[in-house]
Amino acid sequence: MSEETVTVSDSADTEINAAIQKKIGWGFWLAISWVIFITLLAILAPYLNLKDPRGYFIDIDGNGRPPYSPSFEHWFGTDKDARDIFSRSLHGARISLIVGFSAISFGFIVGGSLGIIAGYFRGWLDKVISFTFIILLSFPSLVLAIMLTALLNRSLFTISMILGILSIAPVGRLARASTLQFSDREFVLAARQIGASDSRIILRELLPNVVIPMSALALLGMAVAIVAEGGLAFLGLSVSQGITWGSLIQIGSDSATTLENAPWIAFFPILLLFLTVLSLNFAGDRLRSHLDVKESSL
Amino acid sequence: MNDSESSSPTPLLEVSDLKTYFRTERGTVKAVDGVSFSLQRGQSLGIVGESGSGKTVLSRSIMGLLGRNNLIREGSIKFNGQELMGLSVKEMRSIWGQEMSMIFQDPMTSLNPVMKIGRQIAEPLMLHLGMNKSEARLTAEKLLTDVRIPEPQRRLNQYPHELSGGMRQRVMIAIALACGPTLLFADEPTTALDVTVQAEILHLINEQRVDRNMSLILVTHNIGVVAGNTDVIAVMYGGKIVEKAPTKTLFSSYKMPYTEALMRSIPKLRQASHTRLATIPGRPPDMVNPPLGCNFAPRCAYARPKCLVEEPELTVTENPEHVYACFYPVGSPEYHERKLELSQRVDSLSTGGQN
Amino acid sequence: MAGTGKAHLRNSPDVLLSVNDLVVEFPVARTGLKVNAVSGISFDVIKGETLGIVGESGCGKSTTGRAIMQLPAPTSGSIDFNGQELTTLSKDDMRDARTKIQMIFQDPISSLNPRRKVRDIVLEPLLVWKRGTQEERDILVNKILEDVGIDPQRAAESYPHQFSGGQCQRISIARSLVLDPQMIICDEPVSALDVSVQAQVINLLEDLKAKYGLTLIFIAHDLAVVKSISDRVLVMYLGKMCELASSDDLYARPRHPYTNILVDSIPEPDPEVIYAPTAVMGEPPSPINPPAGCRFNPRCPNVQDRCRVEEPEMREIAPAHFVACHNPLTY
C-alpha cells in the first residue's frame, strides 16, 4: 500500500545525524572544568590542609612586618594582618558561590514559574505578573539591598534572598517570552486537541523547550550574582563576618598605598572572581548557541 | 552587444561549468556541481527543481551574492562578454542593480520595514544613475505606475507593512527594474502569494520583460509557473542540470525520467479527482556525498546497474536546444522494457488475490 | 458571492458533521474593531466523505477548521458532530469529543515538539487517555508508524529535526490516527512540502482514509491539490461561502465568478495555457471592514447593482451544485 518503504535512505540518515551532532567546543568544557574545580575546592576548603583563614601569621623576626608577599609559606601572600590570602580566597569562594547559586536558583524557580504561567495562560494573569516584573525591575536594586540589610540582618540567607529577588524579573521575562514563542507553535495546539490538560502541556510540552534558553541564562545569571555580591561587599553590605571574594577585594583595595605596595592582597581574589565569572559567562554563551543550532538545523 | 557579423548574437549570459561548494562542519556541500547554459538578450529561462536541487544557490552564485566565508566558487560566468568570476565585491556593485537585479521570494523580509517605499526605490536611482532627489522621486512614481500600483504618489510615502503582499512584491519589482537592468532574476517570486495575485505578478514580470527587452531567469519549484512564462526550461537535480529544452518541447517530449516523474506527481485540474498521483520514492541526495553515478538513479524507476556507477553526460537530441543527461531516457528501448515490467508487476499484484 | 444560506445542507442520517451559521470574530487589540474571519457559513460532511475547503489568504478556511475543534470556540453558530452539539459542551466533555476529531497542521516541523523523541510524540495521546496496557499501546504505535511509512525503531531513537519535512508530516498523521478518530481536519498539510513529497502525502492520506474508515476535511489554497483529494469542494471568500459542488463539477463548470478566476489563475503545467487576466482584480479588502452586500462585489467582473446591497444566498443551480451569487456563470 505505501510505496515508500522505510528502509530507503535510512542508513544514510543515521550517518548524517551522527555528523550533525555539532560539538560544543573544548572551550566550553574548559570553562565548565574551572567552575567545577573551584566549586570542589570551595566545598573541600575546611578539610584541606589550609592555614586558618582567620589566623594571624605574624612573623616579625623572620619576615618583618606584614603584609607578606607571596612565598612558599603563603602562596598568595598575606594581608596587613598577616592573614593567609590563599586560604581566605578558597574559603571566600564558598560564600560567593553559595550566594551566586542560591540567588539564581531562587530567581529561576520563582521567576521561571511566574513567567511560564504568564506566557501560557495570558489574559489578566499575564497582565498582573508582567506588571510585577516591571515593578521589580524598576526598583533600584541598591536601595532594596540597603533597606533589607538594615531591616533584617546580613546573614548568608538574607543576602542570597536579596539577589534572588532581584533576579526574578529578568528570568521571569525570559521565561515568559520563551513560553509565548513556543505556545504559538503548532505542537502545543496539537497537544491541546489531543485532550491534554493544561498542566500536562506545561510540564511535558513547554517546559522541556523553555528550560533550554533558561539554562543558558542560568550560567550567565550566576556570574552576575557573584559580581553583584562583590559589589555589595565593597559597600560593606555583604554577609557580616563572612569571608567573600568581595570583602577580600575590598580589604585589599582600602587605600592607594595598599594597592601599590601589596597588590597581591586584592589581586588573587580578583583573579579567582574574574576566572569564575568569565568561565560562567563563556559556558553560558556557548551553551546557548549550541542548543540554538541544534534546534534549527534542517 | 549584438554582433551582426556572426551567425548568432553573443549571448547576454554565458555560464560554463559553474561550481559552488560550501564548506560546512559535515563536509563540503556541492550545492551547484557543474552547470552550463547560455541566455540571449530578451530570452527567459526557467529553472525548475525541488528543494536541495541547487536552484537558489545557482541564481545567487551567478549574481555573486553569496558570502565569501567557506565558499568555493569555480567556473566561468560571462555577462555581456565580461568575465564575472573573480571580480571583487566593489566591482560587482557596479553591476548589481544596473545590469543585473533580483526579486526574492518573501517581499516582507526583502523590503526594509523602517524605510518608506519611495526612498527604497529612489536609492538605486540616486546611487547608480546619479539622479538627484526630485528626479529620483519622479522616476519612482513612474515605476510604481509601471507595476500597476494604484495611487502611486500616496504609496511613495508609505511603509512596507501598510501594503498587501502582492503590492509589496510589485514594489520589489519596481526596485529591481529601477535602473533598467538587462537581466532579471526572479527567485520564487510568487510562492508566498495567493494564487490570483501570483498570476498577475507573473503576467506583470513577463510584460515588463518584453517591454524592456530584458532577459529573465525564473527560479521556482512549481512547473506550472514556468510553463506559461518561459522560453526555455532547465530542470535541476542534485546540483546539476539534468534536462534543458525549449518550453513547449520539454512538455511534449521530455527525456529525463526525473522530468517525467515531476510532471506526473503534480495534481492537475484536468484530471478527475482521486486520480492516484505518481510519486518519487526516497529523498533528494545528500550533497556532501552525492551518489556515485547518476544523482537520480537511487530513486529512478528505470535505473539500471550502469546508472549507479557512471554519470551520464548531457546529450543533445535532434533539436540542438534540447539536452538531457540519461542513459536510458524516455522513449528508449530500455525505458519501454522497464515500463512493461512495472505494469505487469502492478497487474499481477492486483490479480494475485483472485487466485 | 460571499453568501450565506443553507440550501446545500443535506438531511441525511449519514451526516457526521453539521456546521450551521458559524461566525468567528476576533477583536483587534485596543481598537474596538473586530476581524470578521468567518461570517455565517454552513455545511455538512457525510461519513466517509472528503470535503475540501479552498480559498485564498484571509478567506477564513483555517479559522473554520479550528473553530470546529473549538480552538478557539466560535463567536456563534452550531457545530453538530455525531449528534453532539460541540459549542455547548463542558470543558471535560469537549476533551472527550476531541478524541474523535483530530487535526494536522501546515508546518510539519513546528507541529512536533522538538525536544521529544518521535515515537513518544505519537504515543502521547494514548498516555493522556490512558488507553490500553503498555504492550497494547506499543503494538498500536508500531503498527501506525509502519502504516505511515516511518521505521518504529528509528522513531524511538530520533527527534523531529532528524527527519525531513515529508516524514514529519507523516509523523503528525500517525499521531492523529492513534486515538482512532472518526474525522481528521487537515489544515494545509502539504503546502509547505516539495511537489514530489506532496504527492506522497496525498496518496498516503487517501490510503489511510480507506484503511481506517476516516472522514476528512481538507483545507488548502491550492485548488488542484484540493480537487485531487476531495469529493466535494467548498469555495470561501472573505469569511463567506461562494460555491459548493463535487470537485469534478467545480472545475468543469465553475458557476461563481470568483471560482472561475481562481481556476483560471492556477498555473497549469501546460505551455499552451496562457494566463490572460480577464479583469483587474485590485486589492483584497480587509476582513475588518468588509464590503456591503456581496463581499466580492468590488472585484467581480459580473457585478450588478444588486450585488452591492443584497447578500446572495446559496441556491442549487445544477444538481448537487450550489452557488451564492446573483449573477453566476451559465453554461
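In what follows, every chain begins at residue 1, and chains take the letters A, B, ... in the order their sequences are listed. Heavy atoms only: backbone and side chains are in, while hydrogens, waters and symmetry mates are out.
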Could you tell me if the side chain of [Y] sits less than 4.5 Å from the side chain of [X], heavy atoms only?
{"X": "C:Asp187", "Y": "A:Glu186", "answer": "no"}
{"X": "A:Phe187", "Y": "C:Pro160", "answer": "no"}
{"X": "C:Arg175", "Y": "A:Ile194", "answer": "yes"}
{"X": "A:Arg204", "Y": "C:Glu124", "answer": "yes"}
{"X": "C:Arg115", "Y": "A:Glu205", "answer": "no"}

Enclosure of [X] [atom1] (heavy-atom neighbours >12, cutoff 6.0 Å):
{"X": "C:Lys209", "atom1": "NZ", "answer": "yes"}
{"X": "C:Tyr212", "atom1": "OH", "answer": "yes"}
{"X": "C:Lys143", "atom1": "NZ", "answer": "yes"}
{"X": "A:Phe121", "atom1": "CZ", "answer": "yes"}
{"X": "A:Arg173", "atom1": "CZ", "answer": "no"}

- Task: Quick one: pull up CD in A:Gln193 and CE in C:Met94 and give me the separation to the nearest 0.5 Å.
- Result: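 Nearest 0.5 Å value for the CD-CE distance: 10.0 Å.
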
Can you tell which of [options] has the highest number of heavy-atom pairs within less than 4.5 Å of chain A?
{"options": "C:Arg66, C:Gln70, C:Gln102, C:Met69", "result": "C:Gln102"}
{"options": "C:Leu179, C:Asp96, C:Leu112", "result": "C:Leu112"}
{"options": "C:Asp92, C:Leu71, C:Asn113, C:Ile104", "result": "C:Asn113"}

- Query: Using a cut-off of under 4.5 Å for heavy-atom pairs, which of A:Leu189, A:Leu206, A:Asp184 has the most such pairs with chain C?
  - Reply: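 Of the options given, most contacts go to A:Leu189.
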
- Taking all atoms of both residues into account, what is the closest heavy-atom pair of A:Gly195 and C:Val128, and its distance?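 A:Gly195 and C:Val128 have their closest heavy atoms at O-CG1, 3.7 Å.
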
- Message: To check you understand the geometry: which heavy-atom pair defines the closest contact between A:Ala190 and C:Ser111, and what is its length?
- Response: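 For A:Ala190 versus C:Ser111, the nearest heavy atoms are CB-O, 4.3 Å.
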
- Task: Apply the test salt bridge (Lys or Arg N to Asp or Glu O under 4.0 Å) to residues A:Asp198 and C:Lys91: give CA-CA distance (whole Å), side-chain angles for both, the deciding distance (0.1 Å), then the verdict.
- Result: CA-CA 12 Å; A:Asp198 286 327; C:Lys91 200 164 171 199; 3.7 Å; yes

